Number of protein chains: 4
Amino acid sequence: MKTSAVRNQIVETASRLFYKQGYNATGINQIIEEAGVAKASLYQHFHSKEDLLVEYLTVKGAETNAALKAEAEKFEAPKEKILAVFDFLAEVSVQPEYYGCNFLNIVSELPVDSDRVRGVIRKQKDDVRAMFADILRPVHKEKLADELYMLFDGALITNKVHGNAWPIQTAKTLAGKIL
Amino acid sequence: MKTSAVRNQIVETASRLFYKQGYNATGINQIIEEAGVAKASLYQHFHSKEDLLVEYLTVKGAETNAALKAEAEKFEAPKEKILAVFDFLAEVSVQPEYYGCNFLNIVSELPVDSDRVRGVIRKQKDDVRAMFADILRPVHKEKLADELYMLFDGALITNKVHGNAWPIQTAKTLAGKIL
Amino acid sequence: MKTSAVRNQIVETASRLFYKQGYNATGINQIIEEAGVAKASLYQHFHSKEDLLVEYLTVKGAETNAALKAEAEKFEAPKEKILAVFDFLAEVSVQPEYYGCNFLNIVSELPVDSDRVRGVIRKQKDDVRAMFADILRPVHKEKLADELYMLFDGALITNKVHGNAWPIQTAKTLAGKIL
Amino acid sequence: MKTSAVRNQIVETASRLFYKQGYNATGINQIIEEAGVAKASLYQHFHSKEDLLVEYLTVKGAETNAALKAEAEKFEAPKEKILAVFDFLAEVSVQPEYYGCNFLNIVSELPVDSDRVRGVIRKQKDDVRAMFADILRPVHKEKLADELYMLFDGALITNKVHGNAWPIQTAKTLAGKIL
DNA sequence: AATGAATGAGCATTCATTCAT
DNA sequence: AATGAATGAATGCTCATTCAT
């Protein structure tokens, strides 16, 4: 069995803190305190802090993929599907508990040799890229997927830097141009 | 006089380590050890680790602005100037000691309330944006500056995530399209 | 369970050092070294050095109250009880490991805003004052409690300043006069 | 020449801080910063922090002796002179910048082997004791000097502990009784 | 006489991890 | 499955003092 009340508490708390504060800035002590579990309980479920990070990223990756696809599926035409993704970004980014992209936030904190974690992040981003390609394949424009995905991440990081919504609109505009 | 051998050693070493390992993952102890100076000497020149970070970002910001402008000035036509900037990115990003954008690397490590450091980063990015606008003004296309700057940062972060040169080429292609 | 071998070692060692050397002059490093425990073990039991100080003062306060009362109870007459307290002071103050009053020693080291620690000290002193009043109540002389308590502390501090037993005898004499 | 503008600044600042914050809690850095002098200038005038403490205590000792004598000399009768000293204490102790007795505050911070500094403090206290004896000699009551001095210090330390004026009144009352 | 720069040793506190129960 | 206790190593920062100019 992979789930338990304690394990869930740990993952939820760690996810919240890793997202809000960053990975390195979040200590094991804060996690167990806010989760209300014992330190040894955490290490029973996760061999290391990095394992907990991987769990966080994996779970959020699946959630994010599902959310993006759900938005796209609200429309029929490929172009509209794509633009809906950017609209979704715009919507999410103004929510009070939004602190940027879960995955881009972590990537700069990783040690150079952290292939395992970087792999999880890369996979989520490749899923986005693949989603764009899948959407565009029916109209034989799948070659635009890379450009759109780069606009997607550009919008996210620029929004993070400036704390402002304009980059997402700019990305959407640009996406509209090339489609 | 603002310079001294010790101060220079500190800034150089801290810059190298902050860039390669990240800010939080780099300790004061490592900096002083590799710089070969006493701990109190570091704190004579910088009141806190954050001050050292600000110095690093400020210096790199000026250097980066100068380098980008130097590349652009090799050409006459605005479009060529812009594309030269992306070519420069492509060139730099394959160098062995390249670990991504100095500024985007740091931005995700910052506590939410770190306005001072975030301000330095934002300024450097605004300088890039302004540079694009300055280049395009003669041909009355300065409204494209935001889109180009977003492509610029999108290229940098996507390159970081995937450890691959394709995003920079993709960004350049897209830049060419809209110019 | 509130006790453990490690915790006891920490409290005993810290108490000895705080008493002999003072609070500010005693470092955490010396405490853990002489106690033979790891630094993190200390912080498992006490959130801060100040918490350890509070523990020391609280324990010593209880011990001191008990000792003083035990001395007083050796006699029947209120006057004899009171004088017995001063005799006890005289006895204790010539012991080789006597370095003055645990509580008065600390009070001058406290930052002006240290209400918590100062409260512990004040409480112990109020206990002494109350003890004097309790002793004197049967003979309706409880109004002398304040004067006697002030003599008590005067004896302690003057003994500390001069490293000599005379102040305690002088205080006892004066106490005898007013009773 | 023993005086200079810089030296005066140092002594004044150190005195203020040693008094308000205590000796150990006051760092050299804070002194030179608030005094507006260079660190090496401080060490030119005082070989060590302890030397600065001795200077502070010596100067304050002389000032205190003079002030107490000035109060006593306002009256003719020995008893009135003595009571005037306690009235002076009461007056001083309610001033906003009063933090207790300069000398008793320091005595508990001293390492056990600090004979030099302890000697300065002891001298000042002996001066008070001698003053009481001098006042009482004309009426052949100089044997009360020790008791009065002990009341004097008892009033000061008890006032410090409780942050309240009552101990000084109590001491004065007691002094009146025995005179 | 005065100073800015430099230092080794120490400060209180927190890190991620392990172990015995 | 869950825990409280324990740890070695590292954190960012400050200490009083000295040196070269």
Side-chain angles (χ1 to χ4, degrees), chain A residues 1 4-7 9-10 23-32 36-52, chain B residues 1-7 9-10 24-33 36-52, chain C residues 1-7 9-10 24-33 36-52, chain D residues 1 4-7 9-10 23-32 36-52:
Chain A
M1 188 66 155
S4 83
V6 167
R7 197 192 132 98
Q9 257 311 109
I10 293 167
Y23 175 66
N24 287 316
T26 300
I28 289 285
N29 284 328
Q30 191 186 4
I31 294 172
I32 60 160
V37 304
K39 194 172 285 193
S41 300
L42 187 152
Y43 278 93
Q44 193 136 6
H45 290 285
F46 301 95
H47 292 337
S48 69
K49 191 187 172 190
E50 197 189 90
D51 275 20
L52 198 40
Chain B
M1 190 65 156
K2 212 186 170 184
T3 51
S4 80
V6 168
R7 197 192 132 99
Q9 259 308 112
I10 293 167
N24 287 317
T26 301
I28 291 286
N29 285 330
Q30 191 186 5
I31 295 172
I32 61 159
E33 195 173 318
V37 303
K39 195 174 285 195
S41 299
L42 188 154
Y43 280 93
Q44 180 116 23
H45 292 283
F46 301 94
H47 291 333
S48 68
K49 190 187 173 191
E50 198 188 89
D51 275 21
L52 198 41
Chain C
M1 191 64 157
K2 211 183 172 184
T3 51
S4 82
V6 168
R7 197 193 132 100
Q9 259 308 111
I10 293 168
N24 287 317
T26 300
I28 291 285
N29 285 331
Q30 191 186 6
I31 295 173
I32 61 159
E33 195 174 318
V37 303
K39 197 174 286 195
S41 300
L42 188 154
Y43 280 92
Q44 179 119 24
H45 293 283
F46 301 95
H47 290 335
S48 69
K49 191 186 173 191
E50 197 189 270
D51 275 19
L52 197 42
Chain D
M1 188 62 156
S4 81
V6 167
R7 197 192 133 97
Q9 257 309 110
I10 293 167
Y23 175 66
N24 287 316
T26 300
I28 290 284
N29 284 329
Q30 191 185 6
I31 295 172
I32 61 160
V37 303
K39 192 171 287 193
S41 300
L42 187 153
Y43 280 92
Q44 192 137 7
H45 290 285
F46 301 95
H47 291 338
S48 70
K49 192 187 172 190
E50 198 189 88
D51 276 20
L52 197 42

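On a predicted model such as this, the values are computed, not experimentally measured, just so you know.
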Self-check item: Side chain A:K49, main chain A:T26, donor-acceptor under 3.5 Å
Solution: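 Yes, the answer is positive, given that a donor and an acceptor are paired below the 3.5 Å cut-off.
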
Nearest-neighbour nucleotide for the [X] side chain, [options] considered:
X     : options              : value
B:Q44 : F:dT7, F:dT3, E:dT7  : E:dT7
C:A40 : E:dG8, F:dT7, E:dT3  : F:dT7
C:S4  : F:dG8, F:dA6, E:dT17 : F:dA6
C:N29 : E:dA1, E:dG10, F:dT3 : E:dG10

Do you know the tightest heavy-atom contact between [X] and [Y]?
X     : Y     : result
B:A38 : B:I32 : O-CG2, 4.2 Å
A:R7  : A:S4  : N-OG, 3.0 Å
D:I10 : D:L42 : CD1-CA, 3.7 Å

Quiz item: Taking atom types as they are modelled, is there a donor-acceptor pair under 3.5 Å from the base of F:dT17 to the side chain of D:K49?
Solution: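 Check fails, no donor-acceptor contact within cut-off.
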
Exercise. Would you kindly check whether a donor in the side chain of D:K39 faces an acceptor in the base of F:dT17, or vice versa, at under 3.5 angstrom?
Key: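 Yes.
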
Which whole-number value in Å describes the distance from [X] [atom1] to [N] [atom2]?
X     : N      : atom1 : atom2 : answer
D:I10 : E:dA1  : CD1   : C1'   : 11 Å
B:I31 : F:dA10 : CD1   : C1'   : 14 Å
D:Q9  : E:dT3  : CD    : P     : 12 Å
B:L42 : F:dC15 : CG    : C1'   : 16 Å
C:E50 : E:dC11 : CD    : C1'   : 16 Å
D:H45 : E:dT3  : NE2   : C1'   : 12 Å
A:Y43 : F:dA6  : OH    : P     : 18 Å
D:I32 : F:dC15 : CD1   : C1'   : 12 Å

Quiz prompt | Straight-line distance of C:Y43 OH to A:N29 CG, nearest 0.5 Å | solution =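 Output value for this atom pair is 14.0 Å.
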
Exercise. Hey, which sits more toward the 5' end of DNA chain E by its nearest nucleotide, C:N24 or B:V6?
Key: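 The answer here is B:V6.
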
Self-check item: Residues B:N24, A:Y23; criterion side-chain contact (heavy atoms from CB on, under 4.5 Å); working and verdict
Solution: CA-CA 10 Å; B:N24 287 317; A:Y23 175 66; over 6 Å; no

Practice problem: Rounding to 10 degrees, work out the angle separating the end axes of the helix from E:dA2-F:dT21 to E:dT21-F:dA2 (five pairs an end). | Solution: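 About 10°, once rounded to a multiple of 10°.
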
Exercise. Check whether more than 12 heavy atoms from other residues, nucleotides or ligands sit under 6.0 Å from atom CD of A:Q30, and answer yes or no.
Key: yes

Exercise. Give one of base, sugar-phosphate or nothing for B:I28, where a contact means two heavy atoms less than 4.0 Å apart.
Key: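 Sugar-phosphate contact only.
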
Quiz prompt | Phosphate-side-chain proximity, B:S41 and E:dT7, N/O vs OP1/OP2 below 4.0 Å | solution = yes

